[in-house]
S.K.: 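To start, I am sharing the structure in question, which I have written as structure tokens.
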Amino acid sequence: MMQTTDAAPAMEAAVPATPGPLLDIEALSKSFGGVRALNDVSFCLGRGEILGLIGPNGSGKTTSFNVLTGLYRPDGGKVLFDGGNITGNAPQAVYRAGIARTFQRSRLCLELSIFDNIMVGNHARLNQGLIFNLFNRKAFRLEVESALEEATALAASFSPFLAERMFAPVGALPMIERRRIEICRALISRPKLLLLDEPSAGMTHEETHQLMDDILAVRDRQGGLSIIIIEHEMGVIERVSDSCVVLNYGEKIAEGSYQDVASDRQVQEAYLGSA
Ligand SMILES: Nc1ncnc2c1ncn2[C@@H]1O[C@H](COP(=O)(O)OP(=O)(O)OP(=O)(O)O)[C@@H](O)[C@H]1O
Ligand SMILES: [Mg+2]
């Protein structure tokens with residue numbers, strides 16, 4: 001059960017449905033022409049864990065999210081999630097299974113409000129269809145009111161500043177608030193697994209650490225939520241992740257605790273640039 005605070009949203013905890021790891025990636029491969037973006041990559045993620053996915057530019061981090069979420073069909077391998085095989089499933093099916101993500105490049109609609117941007121992530125749970133809404137105005141109004149309440153509570157759990165401006169356009173907000181909205185958009189679908197692709201990109205050191213506090217707090221609020229975070233800054237990964245996987249040229253070259261991977265010679269050569 002999720003603990004609620006005054007400001008925290010009344011969201012359901014991600015309840016474990018089956019025993020074992022939440023996510024089990026087995027021998028995943030994906031090539032683009034001659035480029036092996038992922039080559040035989042396997043790793044697991046436990047419930048409630050935060051996994052740091054790291055590696056140099058072009059090492060396959062975003063591709064692994066794209067394959068996981070059904071944007072790309074893998075050439076080989078399996079994705080087992082919450083007791084089911086979701087390999088090659090369409091993005092909508094993966095999302096309904098409980099995986100939500102943010103993107104490396106922001107996908108906010110800057111001229112739309114905070115509320116609208118968050119609700120984009122809720123489309124699968126809302127929406128009875130146009131005809132239903134036309135003839136059931138009261139039900140429609142109640143649905144929108146309850147969606148606003150939920151989105152506002154979620155925004156408040158990140159930042160009271162956001163919750164007070166639910167109808168303000170996103171374009172005028174500072175970068176950290178925009179990032180928070182992107183995370184709220186992913187969380188409004190009540191996922192079991194949250195994928196964050198370089199959430200700190202373009203932010204100052206201080207903003208990055210504030211955002212990491214948010215991410216840790218989200219995990220604490222929702223006991224069962226698991227998170228994979230792609231991040232370049234090793235200090236950030238050290239702080240937030242329970243375990244790490246390191247990719248290089250599409251291959252997994254190390255995994256384990258931050259200390260394990262940071263002291264691994266192959267990782268130092270590939271990523272840290274020092275032997
Ligand atoms: N849609 C695509 N078409 C062709 N090549 C692609 C495509 N997506 C990724 N690649 C290639 O696959 C490799 C892995 O790319 P990916 O974006 O997964 O790397 P990354 O680890 O996320 O890098 P970065 O840190 O720069 O975001 C790169 O060589 C990239 O050029
Ligand atoms: Mg990337």
Side-chain angles (χ1 to χ4, degrees), residues 23 25-45 50-79 81 86-92 94-95 99-108 175 178-179 182-183 185-186 193-205 207-208 211-212 215 226-241 243-256 258 261-262 264 266-274:
L23 179 73
I25 289 181
E26 293 179 6
L28 214 53
S29 295
K30 178 71 191 172
S31 293
F32 298 101
V35 176
R36 285 191 155 188
L38 288 177
N39 188 13
D40 216 14
V41 170
S42 303
F43 61 87
C44 284
L45 174 66
I50 300 182
L51 183 138
L53 186 57
I54 57 182
N57 291 124
S59 57
K61 303 180 299 293
T62 298
T63 302
S64 68
F65 278 12
N66 288 339
V67 170
L68 249 171
T69 54
L71 279 183
Y72 298 148
R73 182 174 269 279
D75 301 328
K78 274 192 209 161
V79 180
F81 177 70
I86 61 161
T87 319
N89 285 3
Q92 189 69 2
V94 173
Y95 165 85
I99 301 180
R101 72 178 292 182
T102 64
F103 291 86
Q104 189 163 356
R105 290 200 188 87
S106 170
R107 299 213 169 175
L108 293 176
M175 186 61 84
R178 294 189 196 183
R179 259 327 122 67
E182 290 186 76
I183 297 174
R185 170 191 281 182
L193 172 59
L194 174 65
L195 306 176
L196 301 171
D197 196 344
E198 288 200 44
S200 71
M203 295 202 305
T204 64
H205 184 76
E207 285 174 331
T208 298
L211 192 72
M212 295 306 137
I215 290 168
S226 304
I227 300 173
I228 303 180
I229 178 166
I230 293 176
E231 180 55 60
H232 266 121
E233 208 186 304
M234 293 299 274
V236 171
I237 285 296
E238 179 178 21
R239 189 165 153 229
V240 298
S241 56
S243 62
C244 300
V245 166
V246 189
L247 298 179
N248 194 28
Y249 292 111
E251 310 222 354
K252 182 178 79 177
I253 58 166
E255 72 180 318
Y258 173 84
V261 303
D264 184 284
Q266 247 189 309
V267 175
Q268 290 174 350
E269 284 171 359
Y271 188 69
L272 301 176
S274 61

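The analysis underlying the following values was restricted to heavy atoms, covering all of them including side chains, and did not include hydrogens, waters or symmetry mates. Source: prediction; values computed, not measured. Remember, it's 1-based here, ligands and their atoms both numbered in the order they're listed.
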S.K.: Mind checking whether Phe32 has an N or O less than 3.5 Å away from an N or O of ligand 1?
M.R.: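 Checking ligand 1 against Phe32, no N or O pair falls under 3.5 Å apart.
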
S.K.: Which of these, Ser31, Pro74, Ser64, sits in a side chain to side chain contact (heavy atoms under 4.5 Å, CB included) with Leu38?
M.R.: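 Looking at Ser31, Pro74, Ser64, the match for Leu38 under the side chain to side chain contact (heavy atoms under 4.5 Å, CB included) is Ser64.
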
S.K.: Where on Asn57 is there a heavy atom closer than 4.0 Å to ligand 1, on the side chain, on the backbone, on both, or on neither?
M.R.: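 Near ligand 1, Asn57 shows its backbone as well as its side chain.
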
S.K.: What's the shortest distance from atom 25 (O) of ligand 1 to any protein heavy atom, and which residue and atom give it?
M.R.: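 The protein heavy atom lying closest is Lys61 NZ, 2.8 Å.
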
S.K.: In Å and rounded to the nearest 0.5 Å, what is the CG to CG distance from Leu68 to Leu193?
M.R.: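 So the CG of Leu68 and the CG of Leu193 are separated by 7.0 Å.
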
S.K.: Kindly compute the distance separating CG (Leu51) from SG (Cys244), expressed to the nearest 0.5 Å.
M.R.: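 Reported to 0.5 Å precision, the distance equals 7.0 Å.
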
S.K.: I need the nearest protein heavy-atom contact for atom 1 (N) of ligand 1: residue, atom name and distance, please.
M.R.: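 Atom 1 (N) of ligand 1 sits closest to the protein heavy atom Tyr72 OH, 2.9 Å.
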
S.K.: So does Ile50 get a backbone contact from the side chain of Ser241, meaning a donor-acceptor N/O pair under 3.5 Å?
M.R.: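 Pair absent, no side-chain N/O of Ser241 close to backbone of Ile50.
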
S.K.: More than 12 foreign heavy atoms under 6.0 Å from CZ of Arg239: is that the case here?
M.R.: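 Above 12, so yes.
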
S.K.: Taking atom CD of Glu26 and atom SG of Cys44, what is their separation to the nearest 0.5 Å?
M.R.: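 It is 7.5 Å, given to the nearest 0.5 Å.
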
S.K.: Find all atoms of ligand 1 within a distance of less than 4.0 Å from any non-hydrogen atom belonging to His232, and give their numbers and elements.
M.R.: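 Going through ligand 1 atom by atom, the ones under 4.0 Å from His232 are 25 (O).
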
S.K.: Among all protein heavy atoms in this structure, tell me which lies nearest to atom 17 (O) of ligand 1, with the distance rounded to 0.1 Å.
M.R.: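 The answer is Thr62 CB, 3.7 Å.
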
S.K.: In the protein, which heavy atom is nearest to atom 15 (O) of ligand 1, and how far is it?
M.R.: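 Ranked first by proximity to atom 15 (O) of ligand 1 is Thr63 OG1, 3.7 Å.
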
S.K.: At what distance, to the nearest 0.5 angstrom, does OH of Tyr249 lie from CG of Asn39?
M.R.: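 Reported to 0.5 Å precision, the distance equals 14.0 Å.
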
S.K.: Give the residue, atom name and distance (to 0.1 Å) of the protein heavy atom nearest atom 12 (O) of ligand 1.
M.R.: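 Atom 12 (O) of ligand 1 sits closest to the protein heavy atom Ala37 CB, 3.4 Å.
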
S.K.: Number the atoms of ligand 1 from 1 as they appear, then name those within less than 4.0 Å of a heavy atom of Glu198, with their elements.
M.R.: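 Every atom of ligand 1 under 4.0 Å from some heavy atom of Glu198: 25 (O), 27 (O).
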
S.K.: Return the closest protein heavy atom for atom 13 (C) of ligand 1 as residue, atom name and distance.
M.R.: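 Nearest neighbour among protein heavy atoms for atom 13 (C) of ligand 1, to 0.1 Å: Gly58 O, 3.7 Å.
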
S.K.: Looking at atom 30 (C) of ligand 1, what's its closest protein heavy atom, distance included?
M.R.: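 Checked against all protein heavy atoms, atom 30 (C) of ligand 1 sits closest to Val35 CG1, 4.9 Å.
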
S.K.: Closer than 3.5 angstrom, by distance alone: can the side chain of Lys78 be matched with the main-chain N or O of Ala27 as a donor-acceptor pair?
M.R.: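 Looks like no, no N/O pair under 3.5 Å.
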
S.K.: Can you check the number of protein N/O/S atoms within less than 2.8 Å of the Mg ion (ligand 2)?
M.R.: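 If we list every protein N, O or S atom nearer than 2.8 Å to the Mg ion (ligand 2), we get 2.
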
S.K.: To the nearest 0.5 Å, what is the distance between CD on Glu231 and CG on Leu196?
M.R.: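 One finds 9.5 Å between CD of Glu231 and CG of Leu196.
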
S.K.: Quick one: does Gly60 get within less than 4.0 Å of ligand 1, heavy atoms only?
M.R.: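 So Gly60 counts as touching ligand 1.
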
S.K.: Between Gly70 and Pro91, which heavy-atom pair has the shortest distance, and what is it?
M.R.: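 Heavy atoms of Gly70 and Pro91 come nearest at O-CD, 3.4 Å.
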
S.K.: Which atoms of ligand 1 are found less than 4.0 Å from any heavy atom of Ser59?
M.R.: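 What qualifies from ligand 1 is 19 (O), 20 (P), 21 (O).
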
S.K.: If we ignore hydrogens and angles and just use 3.5 Å, is the side chain of Arg179 paired with the main-chain N or O of Ala201 as donor and acceptor?
M.R.: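 Checking the backbone N and O of Ala201 against the side chain of Arg179, a donor-acceptor pair under 3.5 Å is found.
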
S.K.: For residues Lys61 and Gln104, determine if any side-chain heavy atom of one lies less than 4.5 Å from a side-chain heavy atom of the other.
M.R.: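 No; the side chains remain at least 4.5 Å from each other.
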
S.K.: Measuring from atom CD of Glu198 to atom CG of Leu53, what distance do you get when rounded to the nearest 0.5 angstrom?
M.R.: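 With rounding to 0.5 Å, CD (Glu198) is 10.5 Å from CG (Leu53).
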
S.K.: To check your reading of the model: name the closest protein heavy atom to atom 27 (O) of ligand 1, its residue, and the distance in Å.
M.R.: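 Result: Gln104 NE2, 2.8 Å.
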
